[in-house]
Amino acid sequence: MSYFADLILPLPLDNRFTYSLTEEEFRFIQPGMRLAVQFGKNRIYTGIVAEVHQIPPEVYEAKPIHQILDEKPLLTQNQLKFWAWLSAYYLCTEGEVMRAALPGAFLLESESIVKLSKDVEIASEVLNDDEYLVIEALQRQSSMKIQEIEQLLDRKKVLPVINKLVSKGLVDLNQEIYEQFKPKEIRYVRLNPAYEAEAEMHKLLDELSRAPKQREILLSYFASTAKSKKSLKVKNLLKESGASSAVLKSLIDKNIFEEFYQETDRVKFSGEIISHEINFNNAQQQAFKEIRQNFEEDRVCLLLGVTSSGKTEIYIKLIEEAINKGKQALYLLPEIALTTQLIKRLQNYFGDRVLVYHSKYSLNERVEIYRKVLDKSEKGKIVIGARSCIFLPFQDLGVIVVDEEHESTFKQFDPAPRYHARDAAVVLANMFKANIVLGSATPSIESYFNAEHNKYALVQLNRRYGDVLMPEVEVVDIKTAHRKKRMTGHFSDRLIEEIRESLKEGEQVILFQNRRGFSPIMECNTCGHSPQCPNCDVSLTYHSHNNQLRCHYCGYHIAMQHQCMACSSNEVTTKGFGTEQVETELKALFPKHSIGRMDQDTTRGKYAYEKIIASFENEETDILIGTQMLTKGLDFRKVSLVGIMNADNLLNFPDFRAHERSFQLMLQVAGRAGRTKKRGKVLIQTYNPHHQIIQQVSTGNYAEMFKEQLEDRYQYQYPPYFRLIRLTLKCRDYSKTNEAAEWLARALENVFDRYVLGPEFPPVARIRNEYYKNILIKIPKKQSLGKTKKMVHRILKTFNSIGAYRSVRVVVNVDPQ
Ligand code: ADP
Ligand code: ZN
Ligand code: ZN
């Protein structure tokens with residue numbers, strides 16, 4: 001009898017790979033377990049068992065496995081099913097899905113680099129001899145390759161040892177360089193619990209009667225903690241009691257006070273549940289009831305609720321219902337860094353049952369969360385996070401919330417799998433028979449289309465919570481303003497007036513400047529030349545803070561030039577404007593006010609967003625300038641004015657979704673205004689005040705926008721009427737790129753005829769010295785999606801077998817955004 005296992009390997013292989021098993025292994029191994037196997041000459045990889053069976057492979061001799069790495073499956077059956085779906089739908093390999101889906105620490109391989117984990121105490125008594133040797137070696141050198149560990153232990157099979165060390169949290173694998181966040185720590189004191197009883201407390205005060213200063217602090221502590229608080233910030237205690245830290249120290253030394261530190265600005269649960277009852281208003285009650293009814297019929301719900309209508313409270317209730325039934329819940333967000341506020345809200349309600357999953361977290365943190373979800377532990381009943389959360393090993397998913405479902409960041413761009421987390425979540429929900437709600441104030445055309453065609457249920461909230469009015473929108477025609485000399489830099493008189501008014505009332509202002517395609521570039525007034533990136537086909541962008549010209553695609557940079565590089569003329573100017581320029585102008589206009597800026601440059605650090613947001617929340621900043629980052633779910637109480645600096649660069653973007661996106665973006669930023677009692681105001685500066693999208697934003701008319709866009713989509717054959725697959729060829733050789741693209745386009749045309757567009761160069765045709773060329777396949781509704789993909793797959797296989805095109809890579813993007 002022979003036994004086999006089919007493995008998914010973390011490589012771009014088309015097929016699973018079969019290995020042979022002994023009978024004993026066959027009895028033990030289950031799908032979802034990890035095995036270490038040899039692949040290629042000398043390399044060891046971690047594979048996932050997809051199936052065990054008794055059918056030998058036809059074209060090769062199955063090799064034995066190297067090691068079993070798990071005692072029980074690391075993946076659930078549903079995950080394996082989900083991976084298979086993802087790879088078939090998004091035309092990528094299961095190996096690519098595996099790489100995206102599993103934390104790197106699970107992917108032990110011969111190329112892995114092993115390092116000691118940061119900040120862990122190592123108790124040598126928990127280590128066996130081998131583990132001890134490895135740890136000791138790692139304390140002397142910062143990292144080791146698997147091979148070196150093999151030499152150290154003088155044997156071939158070392159992966160289980162390392163696997164053990166990983167699971168004990170002592171070592172990290174393949175750790176990319178993560179920015180080490182040093183959370184700000186705040187010092188607290190609390191009374192030693194031994195003195196909590198009234199009698200003890202009085203005894204203590206008596207004892208301290210000869211140390212009046214210490215007694216003073218203690219009394220001050222009691223006064224401040226009288227109302228239920230159990231600890232106090234040292235800073236506050238010293239301030240209120242007027243005592244010195246030396247006096248406090250003697251109390252700590254006497255064990256009367258215990259000191260401890262707590263992180264502040266990290267997204268971490270503080271331990272305190274500020275529970276508040278949710279009392280729905282009538283509209284929420286009605287919406288909630290409708291969602292539940294639709295859930296009973298297993299329907300996907302689209303919740304269209306205007307900004308600040310109370311959607312989040314509805315999500316919270318839906319999640320609560322699911323976990324009360326013992327199920328797990330998943331809350332998907334477009335970008336986690338921007339959602340500190342929301343995470344706090346959920347943690348305030350659910351406490352430590354909420355886990356936050358973030359691809360930027362360290363590997364150990366991710367492994368920990370993965371395990372908790374797999375074990376269905378009480379902590380981690382609710383997972384909140386960005387798109388990669390869909391890969392967690394849920395056992396019993398009850399509900400999925402996709403918040404801001406229209407956001408394009410739900411789509412993974414690079415590398416494969418290029419999945420859309422919203423769409424994948426719908427499939428995931430279906431596998432679990434779980435409920436799913438997609439929510440937005442400005443749904444994607446696709447989702448609303450599905451609702452109109454009864455594929456999804458539509459539930460609406462048309463008013464803001466507390467009947468706060470939607471903000472008033474005013475459109476400022478800057479063409480006229482320019483002509484009438486009513487502009488100061490990029491600010492119209494109207495905008496300046498409104499800003500002044502708001503600041504006078506002690507309110508805050510948000511200014512929005514889109515970053516896309518409108519950054520300042522340097523241009524020669526004599527010959528028109530502007531400096532280009534040598535590696536990419538784009539102009540360099542001017543950054544005033546370090547006086548550099550930079551490429552946004554590859555990072556290339558040079559010092560700002562004051563002479564034209566082509567004709568040596570001194571007549572050079574900068575054209576276009578970005579957030580930085582808005583900031584400079586604003587500082588000149590309002591020198592007495594503090595101004596913050598939130599864009600890619602100011603938010604590089606992992607927690608930079610949080611800091612900017614916190615400072616605005618605490619009203620340390622009066623005016624916040626920002627890019628699209630500002631649009632996402634932020635809830636600032638004192639913002640009464642939102643200014644959109646220039647609507648036109650959004651509208652003119654060459655993309656079939658440009659209008660839809662502009663509408664969503666503008667309405668979302670507008671939604672930041674006037675979220676409390678006072679009606680907010682939104683000012684849109686534009687050269688095209690009569691543009692239909694500007695009009696639709698002014699009136700908040702989603703239905704009209706939808707109807708109009710839909711007509712365009714129909715006429716020009718775009719989603720939701722047609723599905724798209726985009727193939728992008730990349731190659732360093734220009735003519736080879738062209739040749740290969742021609743070949744591929746012709747081969748596709750043979751099958752799909754007029755539904756193949758291109759090949760054509762994208763707007764930026766060369767990036768990092770690689771040429772790009774696109775081919776677009778349009779798939780009409782009546783054409784089978786599955787068959788189409790199989791055919792594309794077959795043609796690509798033929799293409800890849802052509803020797804002359806070996807240097808050309810093809811990137812496949814299904815449902816490109
Ligand atoms: P949305 O998610 O639709 O933008 P939110 O859920 O953030 O809206 O609600 C807007 C504001 O109204 C928030 O400050 C929220 O706390 C408050 N709110 C919404 N519903 C309720 C409720 N039932 N009880 C108390 N406050 C509510
Ligand atoms: Zn010139
Ligand atoms: Zn470049």
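Model, not experiment: these values are computed from the prediction. First listed ligand is number 1; within each ligand, the first listed atom is number 1. All values below were derived from every heavy atom in this structure, side-chain atoms included, with hydrogens, water molecules and symmetry-related copies excluded.
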Salt bridge (charged side-chain N to carboxylate O under 4.0 Å, His left out) evaluation trace for Lys707 with Glu704: CA-CA 5 Å; Lys707 193 165 152 270; Glu704 195 184 301; over 6 Å; no
For the residue pair Tyr734 and Phe761, is the inter-centroid distance of their aromatic rings smaller than 6.0 Å? yes
Per-atom contacts, ligand 1 versus [X] - under 4.0 Å to a heavy atom:
X: Thr312; value: 2 (O), 5 (P), 6 (O), 7 (O)
X: Asn279; value: 22 (C), 23 (N), 24 (N)
X: Phe280; value: 23 (N)

In plain terms, say whether Arg387 and Glu407 are close enough for a salt bridge, that is, a side-chain N and a carboxylate O under 4.0 Å apart.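 Here Arg387 does not pair with Glu407 in a salt bridge, since their nearest N and O are not under 4.0 Å apart.
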Are any of the side-chain nitrogens in Arg422 or Glu405 under 4.0 Å away from the carboxylate oxygens of its partner? yes
Measure from atom 9 (O) of ligand 1 to every heavy atom in Ala441, Gly305, Gly310 and give the option owning the shortest one. Gly310
Side chains of [X] and [Y] only: does a donor on one sit below 3.5 Å from an acceptor on the other?
X: Ser440; Y: Glu404; result: no
X: Gln664; Y: His406; result: no
X: Glu313; Y: Tyr465; result: no

Do any N/O/S atoms of Cys524 come under 2.8 Å of the Zn ion (ligand 2)? yes
Going by distance only, is there an N or O of Lys311 that falls short of 3.5 Å from an N or O of ligand 1?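 N/O-N/O distance under 3.5 Å: yes.
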At the Zn ion (ligand 2), SG of Cys527 and SG of Cys567 open up to roughly (10° bins) 110°
Under 4.0 Å, heavy atoms only, figure out whether ligand 1 is touched by the backbone of Arg464, its side chain, both or neither.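 Under 4.0 Å from ligand 1, Arg464 contributes no heavy atoms.
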What angle, to the nearest 10°, do the atoms SG (Cys536) and SG (Cys554) form about the Zn ion (ligand 3)?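 Approximately 110° at the metal, rounded to tens of degrees.
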What do you reckon, does Ser309 put a non-hydrogen atom under 4.0 Å from ligand 1?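 Judged by the 4.0 Å heavy-atom criterion, Ser309 does count as contacting ligand 1.
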Considering the options Glu507, Glu617, Glu619, Glu505, which one meets the salt bridge (Lys or Arg N to Asp or Glu O under 4.0 Å) requirement together with Lys638? Glu619
Is the Zn ion (ligand 3) under 2.8 Å from any N, O or S atom of His552?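 False for His552.
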